Amino acid sequence: MMFSEKLINWYLQNKRDLPWRETRDPYRIWLSEIILQQTRVNQGMPYYERFTERFPTIGDLAKAEESEVMKLWQGLGYYSRARNLHATAKTVTQTHKEIFPQSYDEIIKLKGIGQYTAAAIASFAFEEKVGVVDGNVFRVLSRYFGIYDDISVPATRKIFQELANDLVQNVSPSLFNQAIMDFGALQCVPKNPDCSICNLSDSCHAFRTGTVNELPVKTKKIKVTDRFFNYLVLEDLNGNTIVEQRIGKGIWQNLYQFPLIETEEYLSMDEIILLVSQKFPSLFSEITDVTKGEIVHKLSHQRLYIKFWKVKLNTVFERGITQEQLKEYAFPIVIWNFITSHYEK
DNA sequence: GAGGCGTGGGT
DNA sequence: TACCCAAGCCT
């Protein structure tokens, strides 16, 4: 048997039942693919359910305010996905008369859709013969066929893309593409896969040569930087507070946060009191360290050392918001966790 | 082409 | 603990 046949046999025995596999609706397939970029099925599933419930069609999504889309996306990370999702819904609704483009070449023109996602939609929804190349495919193909090129080099992708395209020619593209990703996610896992139960091991290069844990080759590591955030949880005489939107480049674009003082190092109690009393002359009343020590919030590429300071002010904010209103904004998860625990009591 | 961009789970 | 990884894309 050929690789493709063995793989599909494995899939027919082991496949997962997932809601976006029960449809050929390109809108739902597209939505699922955006949600699942760099995201595990278990984490993305509830978001898929909420989005399809709230926005049954792409037109419904296009009509929404961006703030609502961001709020629904809250907690999923990589928030540019949500902004691009909304932008593309508008493009398809307005420019394409609400008809999703039906070929790889047209689909890849849309915002937030790259080679992987275009191939996924084109094959799953329209059976176009194009191979998906994601993290699973790098792993499965590098091991089975013995490909030692460094996958952290973008140019390496071409090698895998051409192989994937070849493999998909004589089978159902949607079936093969789903199969290779499920196989990578469930059987040919990154660390210590159980090759003793694998029906492809007898013809697998890595198994034969004992290089399963060496493949795929990936050399580059991410550099992590440290940052120190002091969030001022202001409170006026009415018990209202203030939030601001993060704008420009950097993390958490378009999400909300409390007024922020970022420093180069840890701030002592005395230092924060001095800064805050200077920032609000004559209004400053009382400050408390709500977090009792710092919260370390880890992003993929940054370590954030975060403190929340409750600051009471002798004034009434013109644009103050209530605790109820606070919960309508989209926050980074670390701030949202603070809000739900702090205001619950 | 390298680096930025979240969150959560596994080892 | 620290590191890796997860249905990547954008600049």
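Please read all numbers here as calculations on a predicted model, not as lab measurements. By convention in this document, chain letters (A, B, ...) are assigned in the order of the sequence lines, proteins followed by strands, and residues within each chain are numbered from 1.
Evaluation of the salt bridge (charged side-chain N to carboxylate O under 4.0 Å, His left out) rule for A/E106 yields A/K109 as partners, not counting sequence neighbours. Listed by chain and number, the residues in a salt bridge (charged side-chain N to carboxylate O under 4.0 Å, His left out) with A/K63 are A/D60 (sequence neighbours excluded). For A/N165, the side-chain contact (heavy atoms from CB on, under 4.5 Å) partners are A/V130, A/Q161, not counting sequence neighbours. By the salt bridge (charged side-chain N to carboxylate O under 4.0 Å, His left out) test, A/R40 pairs with no residue at all, sequence neighbours left out. With sequence neighbours left out, A/D236 forms a salt bridge (charged side-chain N to carboxylate O under 4.0 Å, His left out) with no residue at all. Annotation: side-chain hydrogen bond (donor to acceptor under 3.5 Å, both in side chains) contacts of A/T219 (sequence neighbours excluded): A/D150, A/S152.
B/dG8 and C/dC9 have their P atoms separated by 22 Å, given to the nearest Å. If you take atom P in C/dA7 and the same atom in B/dG3, they sit 24 Å apart, rounded to whole Å.
Taking for each of A/R83 and A/V153 the nucleotide of DNA chain B with the nearest heavy atom, the 5'-most of the two is the partner of A/V153. Across the interface with DNA chain B, nearest-nucleotide mapping of A/G77 and A/K220 shows A/K220 to be the residue nearer the 5′ end.
Nucleic acid contact class of A/L299 (heavy atoms, under 4.0 Å, all strands): base. Using a 4.0 Å heavy-atom cutoff across all strands shown, A/G44 reaches no nucleic acid atom at all.
From the 5' end on, the contacts that DNA chain B makes with chain A at under 4.0 Å to a non-hydrogen atom open and close at B/dA2 to B/dG8.
Of the N and O atoms on the side chains of A/E66 and A/N254, at least one donor lies less than 3.5 Å from an acceptor on the other residue.
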Review point. When every nucleotide of nucleotides 4-11 of chain C is labelled 5' to 3' by its protein contacts under 4.0 Å (heavy atoms), B for base, S for sugar-phosphate only, - for none, what sequence of letters results?
Key: SBBBBSS-
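For residues 77-101 of chain A, every residue pair satisfying the side chain to side chain donor-acceptor pair (under 3.5 Å) rule, not counting sequence neighbours, is listed here: A/T39-A/R81, A/R83-A/Q253.
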